[in-house]
Colleague: 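I am attaching a structure below and will ask some questions about it afterwards.
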Amino acid sequence: MELKTTHIPHELKQTVPPGFRLEQRGEFEYLIVESIFCKHGHNLLVDSVKIHGEPSIKLHITIGEQTGTVFVDAFWGSHAKLYSFLPAHFADTTVVEAFCPVCGESLMESYQCQQPDCDSDRGIILYLPGSENKVHVCARLDCPGHHLDIVDVPEEVVDTISAINYFGIGAFEIFGD
Ligand SMILES: [Zn+2]
Ligand SMILES: [Zn+2]
């Protein structure tokens with residue numbers, strides 16, 4: 001699985017938002033999530049499963065009748081995920097329910113997805129360092145919808161990060177066991 005490379009704009013290099021870091025890999029730079037929490041402050045990054053050599057973001061999830069764990073790549077814009085179960089095939093409109101793996105708190109919120117062709121009203125909320133900084137992800141499988149709330153960072157930079165790609169539950173690329 002190769003990492004997709006994305007041009008990191010100059011203004012972003014000067015203002016890396018809280019919870020992210022820039023890392024050089026070979027000739028390319030990547031934006032990596034390094035701190036992300038449930039609302040009770042539990043760190044969702046785990047060392048036990050690494051993707052692309054970095055700690056992954058662990059979530060407990062329910063999809064339809066199935067319950068298990070998913071590990072999401074911390075590289076911003078990567079869609080790589082490892083599942084603790086083999087997800088059955090679901091309709092595109094299937095919604096993922098996500099929970100903190102430490103306290104079991106629901107990570108769900110009401111969310112109006114702005115993606116064309118998606119009318120989902122359910123989202124997954126994740127907290128970046130600083131009480132006002134959040135990532136909202138559309139809970140519908142395969143929808144790239146997401147929204148970033150980051151204060152104290154210029155809006156252009158937030159827009160740039162948002163455009164780099166999405167951080168979401170999305171498609172099934174890799175199956176764990
Ligand atoms: Zn928690
Ligand atoms: Zn959506």
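Counting starts at 1 for both ligands and their atoms, in listed order. Numbering starts at 1 and runs along the sequence shown.
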Colleague: How would you list, by chain and number, every residue that makes a ring pair (Phe, Tyr, Trp, His ring centres under 6.0 Å) with His147, sequence neighbours excluded?
Modeller: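 Here the qualifying residues are His136.
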
Colleague: Give every protein N, O or S atom lying under 2.8 Å from the Zn ion (ligand 1), naming each by residue and atom.
Modeller: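 Under 2.8 Å from the Zn ion (ligand 1) - ignoring waters, which are not counted - the protein N, O or S atoms are Cys38 SG, His42 ND1, Cys100 SG, Cys103 SG.
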
Colleague: With sequence neighbours left out, which residue pairs that include part of residues 33-46 fulfil the salt bridge (Lys or Arg N to Asp or Glu O under 4.0 Å) condition?
Modeller: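 Salt bridge (Lys or Arg N to Asp or Glu O under 4.0 Å) check on residues 33-46 returns Arg21-Glu34, Lys39-Glu105.
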
Colleague: Given the Zn ion (ligand 2) as the apex, I'd like the angle to SG of Cys113 and SG of Cys138, rounded to 10 degrees.
Modeller: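 Between SG of Cys113 and SG of Cys138, at the Zn ion (ligand 2), the angle is about 110°.
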
Colleague: Report the distance from atom CG of Leu126 to atom NE2 of His146, rounding to the nearest 0.5 Å.
Modeller: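 Going from CG on Leu126 over to NE2 on His146, the span is 12.5 Å.
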
Colleague: Could you check whether any side-chain heavy atom of Ile125 comes within less than 4.5 Å of a side-chain heavy atom of Val135, counting everything from C-beta outward?
Modeller: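 The answer is no, as the side chains (C-beta and beyond) never meet within the 4.5 Å cut-off.
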
Colleague: For Asp119, check salt bridge (Lys or Arg N to Asp or Glu O under 4.0 Å) against everything at least two apart and list the hits.
Modeller: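 Per chain and number, Asp119 pairs via salt bridge (Lys or Arg N to Asp or Glu O under 4.0 Å) with Arg140.
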
Colleague: Taking the side chain as every heavy atom from C-beta outward, state whether Cys38 and Cys103 have any atom pair closer than 4.5 Å.
Modeller: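 Cys38 vs Cys103: side chains touch.
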
